[in-house]
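Presented below is the structure to which this report refers.
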Amino acid sequence: MNPSKTGFEKKRETVAPGIVKTIDSVSNPTIKSIRGLVSQRKHRKESGLFVAEGLKLATDALDANWTVQTLIYGHEVREQEAVSQTAAKTRARGGTVLEVSRQVLSSITRRDNPQMVVGVYKQKTLSVDEIKPAEYAIWIGLDTVRDPGNLGTIIRTADAVGAAGVVLIGETTDPFAVEAVRATMGSVFHVPIAKCSREQFKKWIVNWPGQVAGTHLNGAVDYRTVKYDGPCFLLMGNEQAGLPDDMADTCKTLVRIPQAGQADSLNLAIATGVMLFEICRERLKL
């Protein structure tokens with residue numbers, strides 16, 4: 001991608017890597033460009049960058065060896081040891097460190113009470129052809145998921161169960177949108193994310209060596225009775241339509257989650273969590 005198309009990199013040339021610069025103006029070109037990463041998917045796509053908020057996420061990103069381009073912290077926390085250590089690690093890896101006012105942080109995060117540490121990171125995604133399923137790996141496929149909060153929660157749950165990664169199929173919401181990143185609570189730095197079109201997925205999943213299970217309203221099998229053997233691939237539909245028939249046809253087993261009440265369906269993130277923990281329970285025989 002040519003950085004000149006967005007102007008993002010050109011604007012950032014005002015701040016040299018590896019230094020600390022103080023910025024108190026919300027109209028500073030670098031701050032404007034970072035705000036664009038929060039508000040515009042186009043900027044994230046063209047620059048290959050995204051924003052994550054909070055000291056914990058900044059620490060997680062460094063520990064997981066993600067590329068940090070810029071670390072931003074508020075004047076109020078400059079003396080905190082954890083912040084100064086994170087800033088030093090950022091500079092050591094060639095990243096830029098900005099010390100800014102609370103007003104600047106609020107303008108970036110779009111919050112009146114912002115996190116005092118914000119980072120700008122390089123995105124990481126895989127192609128499905130790069131996936132090498134281990135014997136007991138669990139992968140989750142999400143077909144055209146629309147809600148960034150749902151996606152972030154699923155990534156967090158995938159991390160909790162030790163899943164190998166998440167495959168985003170079709171026109172999904174952006175996993176690097178700030179709402180999705182917030183919902184991951186740092187798991188975005190620990191769970192591999194792959195992307196593919198529906199057609200790519202259909203061709204690729206044919207050779208999956210283990211179970212391919214999908215949830216479907218017409219599923220004939222109770223999800224608690226299935227053997228989730230070998231590398232397991234769990235395929236979930238989107239929030240409104242569920243799993244469409246052509247995607248359901250790629251599954252070896254279609255399951256249903258029985259419900260006792262009057263609700264016609266479960267939230268996507270909840271349903272995915274129920275399935276993931278059942279897969280783990282069945283494998284561990286708890």
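Rounding to the nearest 0.5 Å gives a distance of 12.0 Å between OG of Ser47 and NZ of Lys42. Here the straight-line distance linking atom CG of Leu234 with atom OH of Tyr228 works out to 8.0 Å at 0.5 Å rounding.
With a 4.5 Å cut-off on side-chain heavy atoms, Phe176 and Val188 count as touching.
Checked against the 6.0 Å centroid threshold, Trp66 and Phe189 count as a close aromatic pair.
Using modelled atom types, one side-chain atom of Lys56 and one backbone atom of Met185 make a donor-acceptor pair closer than 3.5 Å. Side-chain N or O atoms of Ser187 include none that pairs as donor or acceptor with a backbone N or O of His190 at under 3.5 Å. Remark: the backbone N or O of Arg111 is paired with a side-chain donor or acceptor of Ser106 at under 3.5 angstrom. Side-chain atoms of Glu130 come within 3.5 Å of backbone atoms of Ser127 as a donor-acceptor pair (strictly under, hydrogens ignored). Put simply, the side chain of Arg198 never gets that close to the backbone of Asp246: no donor and acceptor are under 3.5 Å apart.
Using a 4.0 Å cut-off between a side-chain N of Lys or Arg and a carboxylate O of Asp or Glu, Arg110 and Glu53 do not qualify as a salt bridge. Contact check on Asp229 versus Lys227 returns no salt bridge, with no Lys/Arg side-chain nitrogen under 4.0 Å from an Asp/Glu carboxylate oxygen. Under a 4.0 Å N-O distance rule, the pair Arg281/Glu278 qualifies as a salt bridge.
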Requested in this report: Would you sort out whether Lys202 and Asp249 count as a salt bridge (charged side-chain N to carboxylate O under 4.0 Å, His left out), showing the intermediate values?
Outcome: CA-CA 9 Å; Lys202 291 174 187 178; Asp249 289 342; over 6 Å; no
Report task. Check step by step if side chain to side chain contact (heavy atoms under 4.5 Å, CB included) holds for Met247 and Ile169. Result -> CA-CA 10 Å; Met247 296 297 288; Ile169 306 162; 3.8 Å; yes
Report task. Could you please spell out the steps behind the side chain to side chain contact (heavy atoms under 4.5 Å, CB included) verdict for Ile31 and Ser25? Result -> CA-CA 8 Å; Ile31 300 304; Ser25 172; over 6 Å; no
Report task. Begin from the C-alpha positions of Val181 and Val51 and carry the test side chain to side chain contact (heavy atoms under 4.5 Å, CB included) through to its verdict. Result -> CA-CA 8 Å; Val181 174; Val51 169; over 6 Å; no
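Residue Thr144 comes nearest to Glu239 through the heavy atom pair O-OE1, 4.5 Å, listed as atom of the first residue, atom of the second, then distance. Annotation for Asp143 and Asn238: closest pair O-CB, 3.2 Å, computed over non-hydrogen atoms.
Within a 6.0 Å radius of CD in Gln103, other residues, nucleotides and ligands contribute 12 heavy atoms or fewer.
Ring geometry for Phe233 against Trp204 counts as perpendicular: the plane angle is over 60°, on a 0 to 90° scale with 30° as the lower cut.
For the residue pair Gln115/Thr109, the side-chain donor-acceptor check at 3.5 Å is not satisfied.
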